[in-house]
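Step one of this worksheet: look at the structure below.
Here, residue 1 is the first one in the sequence, and each next residue gets the next number. None of these values were measured; they are calculated from a predicted model.
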Amino acid sequence: QVQLVESGGGLVQAGGSLRLSCAASGRTFSSYAMGWFRQAPGKEREFVAAISWSGGSTYYADSVKGRFTISRGNAKNTVYLQMNSLKPEDTAVYYCAARLGFGIYSDYAKYDYWGQGTQVTVSS
């Protein structure tokens with residue numbers, strides 16, 4: 001069974017930083033592209049960032065470009081989201097997702113596995 005477990009969420013003031021982690025287990029995730037999505041109350045889930053199975057390609061939503069960085073651990077079964085210059089509008093539950101194969105996508109329907117999410121709250 002594939003499992004994705006997020007951690008690192010919390011409460012931070014605007015302008016601060018957080019680092020989210022997503023640990024994958026159950027399969028060899030070196031062949032999986034990984035992504036981060038978020039969902040704020042009353043809003044649809046939205047794409048944040050994605051990284052290819054090799055870590056060589058990344059893709060960001062315009063709203064986070066230049067502030068967030070996605071990366072993979074050396075063992076490829078951990079993905080990180082470094083979030084800097086946080087804004088109140090970044091407040092949401094952040095989800096880690098994985099998809100088998102090449103290519104990185106912003107469409108959440110392309111992803112096969114999901115974590116339970118971690119809350120990020122940015123105060124003004």
Side-chain angles (χ1 to χ4, degrees):
Q1 185 69 19
V2 173
Q3 286 190 330
L4 301 176
V5 179
E6 303 96 336
S7 62
L11 173 65
V12 64
Q13 288 188 332
S17 298
L18 282 175
R19 189 194 196 202
L20 305 184
S21 299
C22 173
S25 62
R27 282 180 182 260
T28 301
F29 274 81
S30 59
S31 299
Y32 282 75
M34 306 289 289
W36 285 98
F37 291 76
R38 66 187 182 186
Q39 188 165 18
K43 294 187 177 181
E44 294 186 352
R45 189 169 299 192
E46 66 171 347
F47 170 74
V48 175
I51 189 166
S52 62
W53 66 272
S54 68
S57 296
T58 57
Y59 180 36
Y60 296 92
D62 288 342
S63 60
V64 306
K65 202 173 295 182
R67 300 188 297 123
F68 291 10
T69 302
I70 189 171
S71 61
R72 299 186 78 133
N74 290 335
K76 299 293 191 288
N77 63 344
T78 303
V79 64
Y80 305 99
L81 186 69
Q82 178 66 43
M83 305 186 296
N84 298 328
S85 302
L86 282 161
K87 304 175 181 180
E89 51 263 44
D90 294 318
T91 295
V93 177
Y94 283 71
Y95 297 91
C96 172
R99 67 175 304 275
L100 179 63
F102 301 104
I104 50 178
Y105 298 91
S106 60
D107 181 358
Y108 69 85
K110 297 284 190 182
Y111 290 80
D112 305 301
Y113 305 102
W114 292 85
Q116 292 300 306
T118 184
Q119 176 70 46
V120 171
T121 303
V122 184
S123 63
S124 57

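- Side chain of Ser52 to main chain of Ser57: a donor-acceptor pair is present (N/O by atom type, distance under 3.5 Å, no hydrogens or angles).
- With a 4.5 Å cut-off on side-chain heavy atoms, Tyr80 and Arg19 count as touching.
- When all heavy atoms of Leu18 and Val12 are compared, the pair lying nearest together is CD1-CG1, 4.0 Å.
- Considering all non-hydrogen atoms of both residues, Ser106 and Tyr59 come closest at CB-CE2, 3.7 Å.
- With Tyr113 contributing its side chain and Leu100 its backbone, the two residues share no donor-acceptor pair below 3.5 Å.
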Determine, stepwise, if the pair Tyr32 / Arg99 fulfils side chain to side chain contact (heavy atoms under 4.5 Å, CB included). CA-CA 5 Å; Tyr32 282 75; Arg99 67 175 304 275; 5.6 Å; no
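- Taking a 6.0 Å sphere around OH of Tyr108, one finds it holds 12 or fewer heavy atoms contributed by other residues, nucleotides or ligands.
- The minimum heavy-atom distance between Tyr95 and Glu6, with the atom names listed, is CA-OE2, 3.4 Å.
- Legend: disulfide (SG to SG under 2.5 Å) pairs involving residues 74-124, not counting sequence neighbours, sorted by first then second residue: Cys22-Cys96.
- Within the 4.5 Å cutoff, the side chain of Gln82 has no heavy atoms near those of the Ser71 side chain.
- The aromatic rings of Phe68 and Tyr94 are tilted relative to each other, their planes meeting at an angle between 30° and 60°.
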Tabulate below the donor-acceptor pairs under 3.5 Å that side-chain atoms of residues 40-50 make, not counting sequence neighbours, or state none.
from	atom 1	to	atom 2	distance (Å)
Glu46	OE2	Arg38	NE	2.6
Glu46	OE2	Arg38	NH2	3.2

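- Between the CG atom in Asp90 and the OG atom in Ser63 there is a gap of 7.0 Å [rounded to 0.5 Å].
- Closest heavy-atom contact between Tyr60 and Thr69: OH-CA, 3.3 Å.
- One N or O on the side chain of Thr118 and one on the backbone of Gly9 form a donor-acceptor pair closer than 3.5 Å.
- Closest heavy-atom contact between Met83 and Leu86: CB-CD2, 3.8 Å.
- In this structure, Val122 and Thr91 approach most closely via the heavy-atom pair N-OG1, 2.9 Å.
- Scored by the side chain to side chain contact (heavy atoms under 4.5 Å, CB included) test, Asp62 finds Lys65 as partners (sequence neighbours excluded).
- One N or O on the side chain of Arg67 and one on the backbone of Ser85 form a donor-acceptor pair closer than 3.5 Å.
- The cluster map of Ile, Leu, Val, Met, Phe, Trp and Tyr, joined by side-chain heavy atoms under 4.5 Å apart, puts Trp36 and Trp114 in different clusters.
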Working note: Phe37 + Tyr111, criterion ring-ring contact (aromatic ring centres under 6.0 Å, His included); need CA distance, chi angles, decisive distance, verdict. CA-CA 11 Å; Phe37 291 76; Tyr111 290 80; 5.2 Å; yes
If you apply the rule side chain to side chain contact (heavy atoms under 4.5 Å, CB included), what do you find for Ile51 with Ile104, and how did you get there? CA-CA 6 Å; Ile51 189 166; Ile104 50 178; 5.6 Å; no
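- Taken from OG in Ser25 to CG in Asn77, the straight-line distance is 8.5 Å, to the nearest 0.5 Å.
- To the nearest 0.5 Å, the span separating CE on Met34 from OG1 on Thr78 amounts to 8.5 Å.
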